[in-house]
Amino acid sequence: MRRLKVIVILGPTATGKSDCGIMLAQKLGGEIISGDSMLVYKHMDIATAKPNARELSEIKHHLINILEPSEKFNVVDFKERAALLIQDINARGHVPIIVGGTGLYIKALLENYDFAQAQAVGNLRVALENYAIREGNQALHKRLAKLDANAAKNLHSNDRRRVIRAIEVAMQGEEVSQTHAKESPYDAIVFGLHMPREILYPRINKRVDKMVEAGIFEETKKLLAMGVPEDAQAMKSIGYRQVLEYLHDEYDKNTCISKIKQATRNFAKRQFTWYKKMSYIHWIEVAEPSVPEIYVAEMLRVLEQKRKLR
RNA sequence: GCCUCGGUAGCUCAGUCGGUAGAGCAAGGGACUGAAAAUCCCUGUGUCCGCAGUUCGAUUCUGCGCUGAGGCA
């Protein structure tokens with residue numbers, strides 16, 4: 001089987017992935033597939049640092065603004081859609097460029113995670129959730145141990161969410177612990193934008209201040225006015241979550257802004273943890289202020305080198 | 001000027017009846033196979049303000065100094 005070509009640009013939040021992606025797409029005649037769990041939502045623009053309308057129209061972008069904020073989206077949805085898009089874009093003779101920071105999404109796609117077939121069963125989840133609340137996480141974890149001992153061993157009993165999914169899978173005759181990655185159908189070259197934290201963190205703080213100026217508070221209120229439920233998956237994301245807490249008078253506005261900054265910094269740290277395990281990433285060091293031209297030139301150089309080797 | 005109460009981890013503080021200390025938050029590290037910007041786990045050595053005295057031994061007691069808050073003139 002001839003493997004499909006794909007380029008990936010990943011990195012923690014606020015390193016300038018979007019700019020580089022657009023610039024690279026312009027040079028190569030590429031199309032961008034967003035690898036980001038939050039950009040799929042319409043009307044959620046400021047807190048998600050979504051590329052603006054002009055940028056979105058300059059280069060063809062996929063998997064952005066495809067769902068209402070109250071809808072659900074997950075890795076499997078991403079993997080399926082992205083796989084189709086990669087085929088499609090390749091077939092049209094264009095270069096697919098995945099740009100995004102969601103570690104699980106990109107890893108699952110590139111490494112071809114073989115997810116269990118078991119569907120999410122709403123009322124079963126609620127029932128298990130209630131069981132955990134009533135009997136405790138330990139008791140729930142014991143139930144899993146009876147169904148899939150390996151999964152139970154790998155999961156901490158407090159990680160209720162994963163314990164529930166593992167039980168859900170087991171009850172449908174599969175075992176999460178038995179799922180493995182299949183051979184990858186992609187010939188991928190993965191670029192990672194890296195920045196030391198002494199530079200990244202101030203950059204994050206600055207970006208959050210800009211979000212406040214751009215109207216993150218108003219955007220959150222607008223979403224609520226549109227009828228988006230406060231417990232919607234997307235409302236749990238960084239920015240909206242803290243503004244919601246502010247609106248509930250849990251703290252004042254300045255505290256809210258600091259909390260958003262802090263959550264974003266913590267998030268960047270977790271993103272690095274994902275990337276550390278992806279040994280195939282070609283890292284590019286980003287400075288402050290960042291100069292996308294330089295990083296894109298570096299990417300082109302690497303791509304050219306790789307072409308010669310074929 | 002005098003009196004009182006403070007000065008202990010990045011921050012807020014607890015504590016040691018004298019045997020060199022511990023919580024919360026912050027921070028760091030990690031996990032992750034259908035919520036992933038989610039969810040979860042692990043990690044606490046710091047001139048205990050400084051100097052001197054008492055003592056086998058002082059962060060703990062005493063004296064002096066520095067410094068913060070409050071009170072009285």
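Throughout, protein chains are lettered first and strands after them, A, B, ... in sequence-line order, and every chain is numbered starting at 1.
Within 4.0 Å (heavy atoms only), A/T273 reaches at least one base atom of the nucleic acid. At a threshold of 4.0 angstrom between heavy atoms, the contacts of A/T48 include nucleobase atoms, whether or not backbone atoms are also involved. Among the heavy atoms of the strands lying under 4.0 Å from A/Y201 are primed sugar atoms or P, OP1, OP2 only; no base atom is included. Within 4.0 Å (heavy atoms only), A/K276 reaches sugar-phosphate atoms of the nucleic acid but no base atom. If you check every strand for non-hydrogen atoms under 4.0 Å, A/A234 touches nothing. Residue A/A263 is out of contact with every strand shown, counting any heavy-atom pair closer than 4.0 Å. Counting any heavy atom pair closer than 4.0 Å across all strands shown, A/N158 reaches sugar-phosphate atoms only and no base atom. Across all strands shown, A/F73 has heavy atoms under 4.0 Å from sugar-phosphate atoms exclusively, and none from any base. A/N154 comes within 4.0 angstrom of no nucleic acid atom, judged by non-hydrogen atoms across all strands. If you check every strand for non-hydrogen atoms under 4.0 Å, A/R160 touches nothing. Across all strands shown, A/Q117 has heavy atoms under 4.0 Å from base atoms, whether or not it also approaches the sugar-phosphate.
Judged by a 6.0 Å distance limit and a 45° cone about the ring axis, A/K79 is not positioned over the six-membered ring of A/F115. The cationic group of A/K276 does not satisfy the cation-pi geometry with A/W274, failing either the under 6.0 Å distance to the six-membered ring centre or the 45° limit from the ring axis.
Between A/K222 and A/E218 there is no salt bridge, since none of the side-chain N atoms of the basic residue sits less than 4.0 Å from a carboxylate O of the acidic one. Salt bridge annotation for A/K206-A/E288: present, with a cationic side-chain nitrogen under 4.0 angstrom from a carboxylate oxygen. A salt bridge links A/R307 to A/E304: at least one charged side-chain nitrogen sits closer than 4.0 Å to a carboxylate oxygen. Using a cut-off of 4.0 Å between Lys/Arg side-chain N and Asp/Glu carboxylate O, A/R92 and A/E31 are scored as salt-bridged.
The partner of B/U16, taking Watson-Crick or G-U wobble pairs whose two distances both stay under 3.5 Å, does not exist in any strand shown. Across every strand in view, B/U45 sits unpaired, with no contact that passes the Watson-Crick or G-U test at under 3.5 angstrom. When both pairing distances are held under 3.5 Å, B/C40 makes a Watson-Crick or G-U pair with B/G30. In this structure, B/C25 forms a base pair with B/G10, meeting either the Watson-Crick or the G-U wobble geometry with both donor-acceptor distances under 3.5 Å. Nucleotide B/U4 is matched to B/A69 when pairs are restricted to Watson-Crick or G-U wobble geometry with both distances under 3.5 angstrom.
Comparing the C1' positions of B/U33 and B/A14 gives an interatomic distance of 45 Å, to the nearest angstrom. Comparing the C1' positions of B/A27 and B/G46 gives a spacing of 15 Å, expressed to the nearest Å. Rounded to a whole angstrom, the distance from the P atom of B/A9 to that of B/G65 is 25 Å. For the C1' atoms, the distance from B/U20 to B/G24 is 23 Å, rounded to whole Å. Taking atom P in both B/G63 and B/G68, one finds a spacing of 22 Å when rounded to whole Å. The gap from the P atom of B/G50 to that of B/U60 amounts to 9 Å, rounded to the nearest Å. When the C1' atom is compared between B/G18 and B/U62, the two are found 13 Å apart, to the nearest whole Å. A distance of about 37 Å separates the P atoms of B/G29 and B/G19, rounded to the whole Å.
Ranked by how close their nearest RNA chain B nucleotide is to the 5' end, A/R197 and A/L39 are led by A/R197.
Checked against a 6.0 Å centroid threshold, the rings of A/Y295 and A/F191 do not count as neighbours.
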Show which side-chain atoms of residues 37-44 of chain A pair as donor or acceptor with protein atoms under 3.5 Å away, not counting sequence neighbours.
unit_1	atom_1	unit_2	atom_2	d
A/Y41	OH	A/E71	O	3.0
A/K42	NZ	A/E68	OE2	3.4

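Nucleotides of RNA chain B with any atom under 4.0 Å from a heavy atom of chain A span, from 5' to 3', B/A26 to B/C41.
More than 12 heavy atoms of other residues, nucleotides or ligands sit less than 6.0 Å from atom CE of A/M226.
Using modelled atom types and a 3.5 Å distance limit, the side chains of A/R207 and A/T13 yield a donor-acceptor pair.
Between A/W283 and A/F272, the ring planes lie tilted relative to each other; the angle falls in the 30° to 60° range.
For the segment residues 118-152 of chain A, the set of residues with a heavy atom within less than 4.0 Å of an atom of RNA chain B comprises A/A118, A/Q119, A/R125, in numerical order.
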